[in-house]
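Just below is one structure, and these are the notes that go with it.
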Amino acid sequence: MIPNIRRHEWKDLLSGTINPKLNSLSLKLKLNNLRMGVRTKKMTVDEAVQEIHSYCASNTKMYSKDLKTIFQH
Amino acid sequence: MNIQNKLCTVEQTNELIRGGNTLIIAGDERVLEQLESGNWIGGTIPYFMSEEGGCMTQEKVFVTDLTDFVQSAKIATYGAAEIEQMLDDRFRNGFSYLLIPAFSEIHSKYALEANNHSSLFDIPTMGWITGVDLEEIGSRTPKIVDGRSAQMSDSIMIALHCELAEEQFAEIDIINLFEQGEHDLLEFKEDGFSATDCMVNGKEMNFADYVNDNEIDIRLPLVADYSGAFINTSFQQIDTAGKKVDFYAPVLKNYEYRVAKPVGDYVKEFNAMIPVEGNGLICSCNCILNYLYSELEGKQTGNVTGPITFGEIAYVLVNQTMVTLAIN
């Protein structure tokens, strides 16, 4: 179970407002790719939130530790 | 569970091949030529981190046997225009292992374009850039081997797409001793394996001049921060007359680079960072520049073994980095 997509932390993460120390390489790289996409206007923040939420939901086991870090930040 | 992840003779390897094992094989081209066809992919490189330490051999090959770890596997080759196809061919629950010949068009294309595909990060994708004996650069080309036919190529990428059981997942990680130093902030106007001009703390100047004037140690890579993942771009050479700097991976616009902090004792610092036993580590690769600059011949990097390569793939192309694959 991952935090609701409406939680503000998702947008904060993508905008760089929060920069928690993540463990998973794949999540760091995916996050970076999405941040760059927003920054270069290839996607909106909402689209990026949708994508990273789905990404984390696809493997909650792998990302559980990082999700705790993000949502305790 | 018996993971074969070590140097083997041709005879030992052919026995594994005849047994139908799913293998990744690294070795000098002249040794790989002696292997029978079967369910394997191969890449040329004669440098390895073995159980006895770093070494160069043109008599043995390094074998990673995935047979007991994967539910199924498929081999496929791709040309320079087929990176997206490779991404689509990956198993939803699995991982893919890529081998790409150094100095090929697909090497450049993968390095420059893979990062633009958001789906790249959806499925664990690792691998390495194949190479040659350093003294043979220019006279022999790096190659991949399609084990199904035992045919070699210096212009295509080969992938071993592996499927895992539903309850398992693969995880790729990097061990990178290099951190961004306190040097100037460097930004490049264009993506590329070479650079002429650069923005240094916001001011434009020629990058070759900057490196020379500041006596930058080019054994240290440039480091960019990918949202907490430190990714290296290694210097290849400074063309002072041509005012150009060449790299072993591309610098990318929109990224901020700094020259890395020096590393003291590579082996000691590396050993402090390697994964502990029992964490599901299956295989790894490490960079030829680490082997050379840190004088790893005869030295061990903990119990982590694997080929020493001309570039590493941890989703994206990285330099001077160890890449590891674990199955949990």
Side-chain angles (χ1 to χ4, degrees), chain A residues 1-3 5 8-73, chain B residues 87 90-96 113-126 164-176 187 191 224-231 252-256 273 275 279-280 284 312-318 321-328:
Chain A
M1 194 72 181
I2 74 165
I5 197 171
H8 67 87
E9 288 91 339
W10 293 113
K11 276 195 180 173
D12 292 345
L13 187 66
L14 284 158
S15 66
T17 305
I18 59 172
N19 270 308
K21 193 169 158 58
L22 303 176
N23 188 58
S24 164
L25 174 68
S26 59
L27 185 55
K28 291 176 195 173
L29 294 177
K30 182 71 172 182
L31 172 62
N32 189 69
N33 179 268
L34 293 173
R35 279 177 171 173
M36 199 58 74
V38 172
R39 191 174 147 198
T40 57
K41 300 192 186 335
K42 285 182 185 165
M43 56 173 47
T44 65
V45 173
D46 286 339
E47 285 167 341
V49 166
Q50 186 70 52
E51 234 187 279
I52 199 159
H53 186 269
S54 300
Y55 188 75
C56 291
S58 69
N59 196 336
T60 50
K61 229 194 261 184
M62 194 189 306
Y63 302 125
S64 60
K65 195 172 166 189
D66 283 336
L67 285 169
K68 281 187 188 138
T69 302
I70 293 165
F71 289 88
Q72 280 174 0
H73 197 272
Chain B
L87 296 175
R90 298 173 299 171
F91 285 104
R92 184 192 56 79
N93 187 48
F95 64 92
S96 291
E113 294 179 13
N115 195 31
N116 297 332
H117 295 274
S118 185
S119 71
L120 171 64
F121 310 104
D122 294 351
I123 295 162
T125 304
M126 83 166 274
L164 295 173
E166 202 59 40
E167 67 276 11
Q168 292 181 305
F169 62 89
E171 191 161 10
I172 288 164
D173 207 352
I174 55 175
I175 298 175
N176 180 9
E187 296 167 282
D191 300 347
D225 182 353
Y226 284 46
S227 298
F230 290 116
I231 302 296
L252 303 174
K253 63 182 185 217
N254 299 321
Y255 282 81
E256 296 178 345
M273 289 179 74
N279 70 337
S284 74
E312 305 72 57
I313 297 167
Y315 299 93
V316 298
L317 179 69
V318 297
T321 299
M322 173 178 278
V323 180
T324 63
L325 170 70
I327 294 175
N328 298 305

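So that the names make sense, note that chain A is the first sequence line, chain B the second, and so on, each numbered from 1.
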Taking the side chain as C-beta and beyond, is there a heavy-atom pair between B:E171 and A:M62 under 4.5 Å?
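The answer is yes; the side chains approach within 4.5 Å.
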Do A:W10 and A:I2 have side chains that approach each other closer than 4.5 Å (heavy atoms only, starting at C-beta)?
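The answer is yes, as the side chains (C-beta and beyond) meet within the 4.5 Å cut-off.
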Residue A:M36 versus chain B: region with a heavy atom under 4.5 Å
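The answer is the side chain of A:M36.
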Pair [X], [Y]: side-chain N/O donor-acceptor within cut-off below 3.5 Å:
X: A:N32; Y: B:Y255; answer: yes
X: A:S26; Y: A:Y63; answer: yes
X: B:S118; Y: A:K30; answer: yes

With a 4.0 Å cut-off on N to O distance, would you call B:E166 and B:R92 a salt bridge?
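Yes, charged N to carboxylate O under 4.0 Å.
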Side chain, backbone, both or neither: which part of [X] has a non-hydrogen atom closer than 4.5 Å to chain A?
X: B:A224; result: neither
X: B:Y315; result: side chain
X: B:D225; result: backbone

With B:E312 as reference, evaluate B:V318, B:N176, B:L317 under the side chain to side chain contact (heavy atoms under 4.5 Å, CB included) test and give the passing residue.
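Answer to the side chain to side chain contact (heavy atoms under 4.5 Å, CB included) test with B:E312 among B:V318, B:N176, B:L317: B:V318.
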Do any of residues 41-57 of chain A come closer than 4.5 Å to chain B, heavy atom to heavy atom, and if so which ones, in number order?
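Against chain B, the residues of residues 41-57 of chain A that fall inside the cut-off (heavy atoms, under 4.5 Å) are A:E51, A:Y55.
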Check against side-chain contact (heavy atoms from CB on, under 4.5 Å), B:F95 and B:I172:
CA-CA 9 Å; B:F95 64 92; B:I172 288 164; 5.6 Å; no
Tell me which of these, B:T125, B:N328, B:D122, has more heavy-atom pairs under 4.5 Å with chain A than the rest.
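Going by pairs under 4.5 Å, I would pick B:D122.
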